[in-house]
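For ligands, and for the atoms within them, numbers begin at 1 and follow the listed sequence. All values below come from the heavy atoms of this structure, side chains included, with hydrogens, waters and symmetry mates left out.
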Amino acid sequence: LEERRKYVKGKKLGEGTYAIVNLGHARADPTQLVAIKKIKKQKEYTEGLAPDAVRELKHLQELAHPNIISLLSVFSTKDQNVCLVLEYLPLGDLEMLIRDQDGIRYGTADIKAWMGMLTRAIWFCHENYVLHRDIKPNNLLIAADGEVKLADFGLARSFADPWSVMTSNVITRWYRPPELLYGAKHYGGAVDVWSVGTVMAEMIVRIPYLPGNTEIDQLQLIYDRIGTPTEENWPGVTTLPGYIPPERIMPVQPKANFLQTFGTVGDEGVDLLFKTLTLDPRKRITAREMLQHPWWRAEPHPTRKQDLPRKS
Ligand code: ADP
């Protein structure tokens, strides 16, 4: 059976910057609910691109992990749109939980559980040579059993890149690492680790940690809150294509300053956060090293997934 005929489209669930999402179900099994995500066409989108994008996304179907949203199918429609069929996750995303300060209370054990799931997700992807490049609370969806699932994997790479208009709108600036802000062409898993660090900071203080209004403003926030990249703390930084010499140099903040802002997660938690927000991507902790960190075994233990706070 043709891939796109395997699913039946239902009511509209929502609309994002670059996709329209509908509920759906498998034609062969109406109880198997899915989310059908149709990627909106872009200005510079020309015929022939959809099949290429589909081919590029096909390999993500094999990326099976409890903390990564299942991609059940990818196909292009008659009118050259790309459709993704994803597992249906009706409980919203972490951004909703973080923002709902009056309704939802959570503590260190909950943050540790969510962070553990997120770290395992990026570790698995990096082991499989896949980068996410757009990790943010809104891309962390919540399953009925409390499991957090990283969504939009590979979309950043497959879709955002060819169209520059998209890159600036879609890949959220607040979670971008300094090497991408400086236009690095060669980068690795460290880009995702930085984003995970900014998400951890946001989970703790419940407001975005580095909410830059422009790319320049984003860099300035990094300078002020983390430190200014220099040849000393990051050899080679000044040779990156988008490097801008700073007006003045802010010293790299010591861990003690992070303790003041993020101390509720304990010394080990602050140590992990500090290591994810290291300026030089080569010195930044890796996903694999994150999993070895003593924070996970320190008190309090991570909340069991079925006991995690959720929207009612
Ligand atoms: P955004 O990430 O900007 O919210 P998306 O295109 O990813 O945009 O999704 C739009 C909306 O569709 C989301 O806000 C959410 O309500 C819904 N949605 C997306 N993916 C799923 C899914 N797998 N299961 C259930 N609902 C989803």
- Task: Among residues two or more places apart or on two chains, list those pairs meeting salt bridge (charged side-chain N to carboxylate O under 4.0 Å, His left out) that have a residue in residues 63-90.
- Result: Glu87-Lys149
Would you mind listing each N/O atom of ligand 1 next to any protein N/O under 3.5 Å, plus the distance?
| unit_1 | atom_1 | unit_2 | atom_2 | d |
| --- | --- | --- | --- | --- |
| ligand 1 | 2 (O) | Asn138 | OD1 | 3.2 |
| ligand 1 | 7 (O) | Lys37 | NZ | 2.8 |
| ligand 1 | 23 (N) | Glu87 | O | 3.0 |
| ligand 1 | 24 (N) | Leu89 | N | 2.9 |
| ligand 1 | 24 (N) | Leu89 | O | 3.4 |

- So salt bridge (charged side-chain N to carboxylate O under 4.0 Å, His left out) across residues 289-302, not counting sequence neighbours, yields none
- Which value, rounded to the nearest 0.5 Å, describes the distance between Leu219 atom CG and Asp224 atom CG? 11.0 Å
- Query: So, Trp194 side chain and Thr276 main chain: donor-acceptor pair closer than 3.5 Å or not?
  - Reply: no
Would you be so kind as to tabulate the donor-acceptor pairs closer than 3.5 Å made by side chains of residues 246-271, with sequence neighbours excluded?
| unit_1 | atom_1 | unit_2 | atom_2 | d |
| --- | --- | --- | --- | --- |
| Gln253 | OE1 | Asn257 | ND2 | 2.4 |
| Lys255 | NZ | Asp271 | OD1 | 2.7 |
| Asp271 | OD2 | Lys275 | NZ | 2.7 |
| Asp271 | OD2 | His293 | NE2 | 2.7 |

- From Leu150 CG over to Phe124 CZ, what is the distance, rounded to the nearest 0.5 angstrom? 12.0 Å
